[in-house]
Amino acid sequence: MTGQTAPAAPSQGVSVDVPAKINPHLGVGDARADGYHALSTVYQAISLHDTVTAVKRGEPGIEITISGEGAGELPTGEDNLAHKAAKLIALYAGIEPDVKLHLNKRIPVAGGLAGGSADAAGALIACARLWDVEIGDAELHRLAAGLGSDVPFCLKGGAAIGTGRGEELTPVQAKGSWHWVVATTDTQIATPECYKEVDRLREDGIGRYSRDVDPIVKAFEAGADADTLARLLVNDMEAAAVSLRPQLASLMHGGLEEGALAAHVSGSGPTVLFLATDVKHSVALARRIRMRGGARSVHLAHGPVNGPAA
Ligand code: C5P
């Protein structure tokens, strides 16, 4: 984004679709001095997305409304990451914010799918376009990283290796497309809670840092089939998520019994991803997982897909 967008008239809105992220490889290292954990991850953006719409209010201020899945559970004030994003863009441009932001949510809340980070990425882009702010990619990335570790990837989408605390990205040219069944649960896990549990389990000698992302990166680049990918999925947070919410184990086991190639906790959970052979298999698998019960909602998704700033 370099300001080529025409200035928007007050009545015009800007709408941005931002995909959820998953981590087919999530290696978690030790806590650093700043409290964050070193990560060695591979991100994939999937077709489940939120839509962020920005229109001018006609007076200074940032107003947020939310619709869709879990809308009632989210703050609409300054605590909302999209609010912080709008404020940051205004600060960067040296202008008074003047925006009504609407978040239409399809990404489950606090599910390990970066829903809040996706909304922040969407708000950065939508506000920059609405206010005709000239901002280069590097600067946008810097603002995104300040908002959260996953926000830079949410801007980019596609597939990427994430290092540092997840914000340092190296794009991966993925050839294939993989089909997932996304099963949400009735519980939530706050990200810091899951990292703390990882640390606690490590003190007991449980779990290790899966630093090597090469096998899965090569599989992405080669367009490997789902059977191959199923054997390469890694999540160092999975044991912690299951330890915090033991009911995840039966959901995962149930999906495998119904024919999933793999069951994989998404990020810090508690959403569970099931890998299917192809789209047809994913439709049948989703139906069987729904009928079995135990999930709050079951969605179909494929990835990688492009992000809003791709
Ligand atoms: O970066 P973000 O704000 O999304 O992180 C939320 C919390 O998750 C952090 O405050 C930290 O407790 C934990 N975290 C971590 N290591 C990371 C990313 C997040 O410990 N690499």
Side-chain angles (χ1 to χ4, degrees), residues 18-45 50 52 70 73-75 77-89 103 105 107-124 140-157 160-170 187-203 206-213 234-241 243-245 265-271 307:
V18 195
K21 67 85 202 171
I22 61 172
N23 306 77
H25 180 109
L26 180 51
V28 179
D30 290 335
R32 313 188 307 196
D34 63 2
Y36 284 92
H37 292 69
L39 292 191
S40 182
T41 186
V42 177
Y43 290 108
Q44 182 183 110
D50 284 356
V52 179
E73 300 159 42
L74 291 172
E78 293 189 355
D79 287 345
N80 193 300
L81 215 49
H83 192 288
K84 293 185 177 149
K87 205 168 160 184
L88 263 188
I89 285 284
L103 316 178
K105 297 217 51 83
I107 305 174
V109 173
L113 293 161
S117 302
D119 298 343
L124 284 177
L140 200 59
H141 181 280
R142 195 183 63 78
L143 297 187
L147 288 163
S149 308
D150 291 334
V151 184
F153 177 73
C154 290
L155 282 176
K156 290 286 177 200
I161 300 168
T163 50
R165 58 182 167 87
E167 88 287 19
E168 291 169 18
L169 301 176
T170 308
T187 60
Q188 296 188 346
I189 300 178
T191 310
E193 183 190 4
C194 200
Y195 276 106
K196 276 200 194 101
E197 186 65 4
V198 170
D199 294 341
R200 197 188 65 79
L201 291 174
R202 294 253 166 105
E203 278 167 20
I206 300 165
R208 58 175 197 95
Y209 183 15
S210 309
R211 193 193 288 260
D212 184 13
V213 296
V234 167
N235 184 355
D236 288 352
M237 299 191 95
E238 195 160 285
S243 158
L244 291 169
R245 304 285 183 275
V265 169
S266 183
S268 55
T271 298

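Note that ligands are numbered from 1 as they come in the structure, with each ligand's atoms numbered from 1 the same way.
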Inset, instruction - Please list, chain by chain and in numerical order, all residues satisfying side chain to side chain contact (heavy atoms under 4.5 Å, CB included) with Arg208, sequence neighbours excluded. - result: Ser210

Legend entry - Contact residues of ligand 1 (heavy atom under 4.0 Å), by chain and number: Gly35, Tyr36, His37, Leu39, Gly148, Ser149, Arg165, Thr191, Pro192, Tyr195

Legend entry - Electrostatic pair Arg245:Glu193 at N-O distance under 4.0 angstrom: yes

Legend entry - Distance-only donor-acceptor check, side chains Ser149 and Arg165, under 3.5 Å: yes

Inset, instruction - Please name the pair of heavy atoms, one in Leu147 and one in Ala120, separated by the smallest distance, quoted to 0.1 Å. - result: CD1-CB, 4.3 Å

Legend entry - Verdict with reasoning, Arg200 to Glu197, per salt bridge (Lys or Arg N to Asp or Glu O under 4.0 Å): CA-CA 5 Å; Arg200 197 188 65 79; Glu197 186 65 4; 2.8 Å; yes

Legend entry - Side chain Ser266, main chain Gly112, donor-acceptor under 3.5 Å: yes

